[in-house]
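In each ligand, atom 1 is the first atom listed, and ligand 1 is the first ligand listed.
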Amino acid sequence: MAILVTGGLGYIGSHTVVELIENGYKVIIVDNYINSNSNILDQLFKITGVNPLFYKIDVTQKDKLEKVFVEQKIDEVIHFAGLKSIGESVEDPLRYYYNNVVSTMVISSLCIKYKVKKVVFSSSATVYGNQESPLKEETSLKKTTNPYGETKVMSERILTDVSYAHPEFSITLLRYFNPIGAHKSGLIGEKIKSSTNNLVPYISKVAKKEKSKVEIFGKDYNTIDGTGVRDYIHVVDLAKGHVKAVQSFKLGITTYNLGTGKGTSVLELIGAFEKVNNVSIPYEFVQRRLGDIEVSYADSSKAERELGWKTELSIKDMVKDAWNFEKKRRTY
Ligand code: WQD
């Protein structure tokens, strides 16, 4: 079984490649290095002992990507490739719409042309916008709070209509909550970019004294301690969810939430990071971040029921592994 993984050198993509290889799959990676680099391939070899086939291609370039479908026998596609910074998407919406939506259209058209009838798509809990948690897959999608979220809604819509037009396809939409942490080896993890404004990379930077303190966006939310609540999931648990999705084959289009079903506040996460890693994380409260929602956590019972998937790693594992990666991270 050869699985084409677009964005396979990215944060979630690389962790999924490890799990796929360790489950005996042949993996073909397509990546344009926008959120990664060739060093990740070396790390993947160190972890798995396998050099996956790799093509440096921008997935919006159909003619280039088609080469892979001609040269390789592809059985399934996991489509990760996409830009994912909310803040960046607000500043540069057209770049996000073009990259994230056109790439989904290109993948869809090539899968139809080459009869690759199994597609797993990397979606996000952002599609739920500001709605009551726990969030269920059948929750209707309202307007999201940013262009990044809209590109995920549009991509889900495109894949849904492809599924209606091609009932012989099996399309799975995986809505991630907040992936954090890193592979236990510390060789792969969440690369921190200047455009990164996710919480845990910031905490790691403060722990490394590369930043003086964490700015906590708001402390007047209606939550346990006034700070935002999210469903943080270990990236390895998330990667294992993709293996389960690859192994399941349901005709039509199916959506799964991949989260722990538990909410954790910003202050609780900082506290866990300090306690587990025996470091001090100074912080200060600042005003809310535009577009942030108060509380978001999953009802992930459908994935447990239908995929036989359940998270196994705890918040302690997540913050331990995040810090382990950060300490080992070379600035490559
Ligand atoms: C988490 C919490 C912030 C930074 C986004 C996308 C989601 C996924 C994950 C791609 C919130 C607070 C954060 C900081 C803070 N990305 N925070 N200070 O916004 O929940 O989710 O990233 O798939 O799709 O929507 O993640 O890590 O930015 O924020 O106080 O410096 O931490 O307010 O409550 P978010 P986040």
* Between Tyr33 and Phe54, is the ring centre distance below 6.0 Å? -> yes
* Structure fact -> A student comparing Arg230, Lys211, Lys152 should find that the heavy atom closest to atom 11 (C) of ligand 1 comes from Arg230
* Asked: Tyr221 near ligand 1, heavy-atom distance under 4.0 Å?
  -> no
* Considering only the protein, which heavy-atom contact is closest to atom 21 (O) of ligand 1, and what is its distance? -> Asn178 ND2, 3.5 Å
* Specify the closest pair of heavy atoms between Pro282 and Val206, including all atoms of both residues, with the distance to one decimal. => CD-CG1, 3.6 Å
* Asked: Can we say Arg157 and Asp161 salt-bridge, meaning some charged N sits less than 4.0 Å from an Asp/Glu carboxylate O?
  -> yes
* Who's the nearest protein heavy-atom neighbour of atom 12 (C) of ligand 1, and how far? -> Val266 CG2, 3.7 Å
* Closest contact, heavy atoms only, Asn100 versus Ser155 -> O-OG, 3.5 Å
* Look at atom 6 (C) of ligand 1 and say which protein heavy atom is nearest, naming residue and atom and giving the distance to 0.1 Å. => Ile86 CD1, 3.5 Å
* Who passes salt bridge (charged side-chain N to carboxylate O under 4.0 Å, His left out) against Lys316, sequence neighbours left out? -> none
* Structure fact -> shortest atom 16 (N) of ligand 1-to-protein heavy-atom contact is with Tyr148 OH, 4.1 Å
* Asked: Numbering the atoms of ligand 1 from 1, which are under 4.0 Å from a heavy atom of Ser124?
  -> 7 (C), 23 (O), 24 (O)
* **Nearest-contact summary for atom 3 (C) of ligand 1 - protein heavy atom, Å** => Asp292 OD2, 3.4 Å
* Using distance alone, determine whether Lys84 and ligand 1 share an N or O pair under 3.5 Å. => no
* Which protein heavy atom lies closest to atom 7 (C) of ligand 1, and at what distance to 0.1 Å? -> Thr126 OG1, 3.5 Å
* To do: Please identify each residue that fulfils salt bridge (charged side-chain N to carboxylate O under 4.0 Å, His left out) with Lys211, with sequence neighbours left out.
  => none
* Would you say the side chain of Arg175 lies within less than 4.5 Å of the side chain of Thr255, judging by non-hydrogen atoms? -> yes
* Note: Glu312-Lys240 ion pair, threshold 4.0 Å (strictly below) -> yes
* **Contact check, side chains of Asp58 and Lys64, non-hydrogen atoms, under 4.5 Å** => no
* Asked: Looking at Tyr221, is Arg288 sitting on its ring face, NZ or CZ under 6.0 Å from the six-membered ring centre and within 45 degrees of the normal?
  -> yes
* To do: Classify the angle between the aromatic ring planes of His79 and Phe121 as parallel (below 30°), tilted (30 to 60°) or perpendicular (above 60°).
  => tilted
* Enumerated ligand 1 atoms positioned under 4.0 Å from heavy atoms of Glu215 -> 14 (C), 15 (C), 18 (N), 30 (O), 31 (O)
* Please identify which atoms of ligand 1 are closer than 4.0 Å to at least one heavy atom of Ile216. => 30 (O)
* ligand 1 N/O within reach of Leu199 N/O, cut-off under 3.5 Å -> yes
* To do: Would you mind checking which non-hydrogen protein atom is closest to atom 17 (N) of ligand 1, with the distance to 0.1 Å?
  => Phe217 CD1, 3.6 Å
* Structure fact -> for atom 2 (C) of ligand 1, nearest protein heavy atom and its distance come out as Tyr232 OH, 3.5 Å
* List every atom of ligand 1 that sits less than 4.0 Å from any heavy atom of Arg289, numbering the atoms from 1 in the order shown and giving each element. => 3 (C), 19 (O), 28 (O), 29 (O), 36 (P)
* To do: Kindly confirm or rule out an N or O of Asn198 lying under 3.5 angstrom from an N or O of ligand 1.
  => yes
